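Here the structure is laid out as structure tokens; the discussion comes afterwards.
Chain letters run A, B, ... following the sequence lines, proteins first, then strands; residues in each count from 1. What you see is a predicted model, and the numbers here were worked out from it, not measured in a lab. Heavy atoms only: backbone and side chains are in, while hydrogens, waters and symmetry mates are out.
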Number of protein chains: 2
Amino acid sequence: MRILLVEDDARLAASVGQALEAAGFVHDWVEDGERAWFLGDTEHYAAVILDLGLPRLDGLSVLRRWRGAGQRFPVLILTARGEWSERVEGIDAGADDYLPKPFRMEELLARVRALVRRAAGQPSPVIECGGVRLDTCRMTVTRDGVPVHLSPQEYRLACYLMQHAGRVVSQGELTEQLYAQDFERDSNAIEVLVGRVRRKLGSEWIQTRRGFGYLVEPDAD
Amino acid sequence: MRILLVEDDARLAASVGQALEAAGFVHDWVEDGERAWFLGDTEHYAAVILDLGLPRLDGLSVLRRWRGAGQRFPVLILTARGEWSERVEGIDAGADDYLPKPFRMEELLARVRALVRRAAGQPSPVIECGGVRLDTCRMTVTRDGVPVHLSPQEYRLACYLMQHAGRVVSQGELTEQLYAQDFERDSNAIEVLVGRVRRKLGSEWIQTRRGFGYLVEPDAD
DNA sequence: CGAGGGTTGTCAGCAAACCGTCAGCCGGGT
DNA sequence: ACCCGGCTGACGGTTTGCTGACAACCCTCG
């Protein structure tokens, strides 16, 4: 689950980044609007955390450019003061959520989780597919009611596949979501990871669509 | 666009209702959690505005019940105090957004608009022609309900023909679609491919227009 | 500081699937 | 009958994905 963090205050960015990693997200951090615009336009993020006061290119302008270019990823806006007119402006510019500084790190994480979930069309924090239940708040996984221990990377893979259950997810997409941008392209790390998750959650749980990617079936509903 | 408003303060409900109507929404108003739960489960809403402090059945419980029952509509939570732990709890219970009282009516409307916009559905990813059903998300194909396995290239061919059902598609066009530009011109690869697909999906399914190309019939509708 | 356990990417070997090629066949239109 | 466009079965080189072993790395604990 890859997040773009746009924040020029290095200290704040560091603590947010740390919290994101601890919560199981991978993140890229940029400090100015120009670079944010470029990355948002070229990479594929599950969500963006966007500070409004930025050097070089203002946050709202970046957001409008993204939306103008058809980018759909959810955006959470951070700003120093909770001026309500600014909130409306931000939301109408295409933001999906708004958080005034100062904020509790827990709240930021909850909102990011909610955004990612919602963008994946999955409003509940507990996802269930084929006997596997994943609680995104507690970061726990059970299979047929039995707790299963997944390593962080395994958890991220299972989580992403479940959030996109019913859709084939390519290796490239997984690589983008699970690793930072400078990861070596032709590695079989994903295959190995899939193998490890299969061993824990059942070999049939992740299906292979040869030549296209992987798929987990959603529960009927 | 129908909105469910769950709010026990009659005065506030009236002014929110008025604002919603002015913004072009139709709304139903209920005052207690029991009735809210019932309506949310039986009617179909574009979004729900949910107050947390409710008589008879608490707002968070209502939300959890809805989500437990698989209801997907976006929910915006209202609550009297901006207690951060409550926000986290609400969002993790499956809410899509959160607004502390007191709030500006404009901000509420902006958020509701954003929620409705985001929840708007996508077109169906399933194509069907002559008993063959192709799911572009799962990349699966069934014939008369029976799953059929197609290789990547076969899948692409079937997909392209179905997307252009009712039209004759030439071999040249198929070559352009399925292969890189430098593909050898006088190869019978397409013919072989068509043959393989026919064996799996029925020999009549792809018709030959000698000298022109291939054709699959669209379903009448 | 070092041992030990857990995590995760790399690598090599393997099995299966994939897919273009080819040669020969078929069948309809002139 | 003849020809040309299309069909088909067989073949094998290549690609793809899976797996076990291994090593680097990062913890924690003694």
Review point. Could B:Arg67 and B:Asp96 be called an ion pair, given the rule that one side-chain N must be under 4.0 Å from one carboxylate O?
Key: yes
Check your understanding: Whole-Å distance between C:dT8 C1' and A:Leu178 CG?
Key -> 12 Å
Point to revise | OP1 or OP2 of C:dT10 under 4.0 Å from side-chain N/O of A:Ser187 | key: yes
Check your understanding: For the side chain to side chain contact (heavy atoms under 4.5 Å, CB included) test, which of A:Val48, A:Leu115, A:Val62 pairs with A:Val75?
Key -> A:Val48
Check your understanding: What is the distance, rounded to the nearest whole Å, between atom CD of B:Glu154 and atom P of C:dG20?
Key -> 10 Å
Review point. Under 3.5 Å, side chain of A:Gln163 to main-chain N/O of A:Tyr160, donor-acceptor pair present?
Key: no
Practice item. Using atom NE2 of B:His149 as one end and atom C1' of C:dC19 as the other, report the distance to the nearest whole Å. Key: 13 Å
**Study point:** Test item: A:Arg35 side-chain N/O and A:Val30 main-chain N/O as donor-acceptor pair under 3.5 Å
**Key:** no
Practice item. For a side-chain hydrogen bond (donor to acceptor under 3.5 Å, both in side chains) with A:Arg138, tell me which candidate from A:Asp135, A:Thr136, A:Thr140 qualifies. Key: A:Asp135
Review point. To the nearest angstrom, how far is B:Ile190 atom CD1 from C:dG20 atom P?
Key: 8 Å
Check your understanding: Taking OH from B:Tyr155 and P from C:dC19, how many angstroms apart are they, rounded to a whole number?
Key -> 14 Å
Check your understanding: So, are A:Glu204 and A:Arg198 salt-bridged, with charged N and O less than 4.0 Å apart?
Key -> no
Point to revise | C:dG20 phosphate, OP1 or OP2, under 4.0 Å from B:Gln153 side-chain N/O | key: yes
Review point. Counting only N and O atoms by type, is there a donor-acceptor contact under 3.5 Å from the side chain of A:Lys101 to the main-chain atoms of A:Leu78?
Key: no
**Study point:** Residue from A:His164, A:His44, A:Arg167 passing side-chain hydrogen bond (donor to acceptor under 3.5 Å, both in side chains) with A:Glu173
**Key:** A:Arg167
Point to revise | Axis deviation across the helix from C:dC1-D:dG30 to C:dT30-D:dA1, five-pair ends, to the nearest 10° | key: 20°
Exercise for review: Specify the separation, in whole Å, of atom CG of A:Asp186 and atom P of C:dG9.
Suggested key: 15 Å
**Study point:** Distance in angstrom units between A:Glu21 CD and C:dT8 P, rounded
**Key:** 12 Å
Check your understanding: Does a side chain donor of either A:Asp97 or B:Tyr98 reach within less than 3.5 Å of an acceptor in the other side chain?
Key -> no
Check your understanding: What is the per-nucleotide protein-contact pattern of nucleotides 9-29 of chain D, from the 5' end, where B denotes a base atom under 4.0 Å from a protein heavy atom, S denotes such proximity for sugar-phosphate atoms only, and - denotes neither?
Key -> S------BBBBS---------
Exercise for review: Using whole Å, report how far CD of B:Glu204 lies from P of D:dC7.
Suggested key: 12 Å
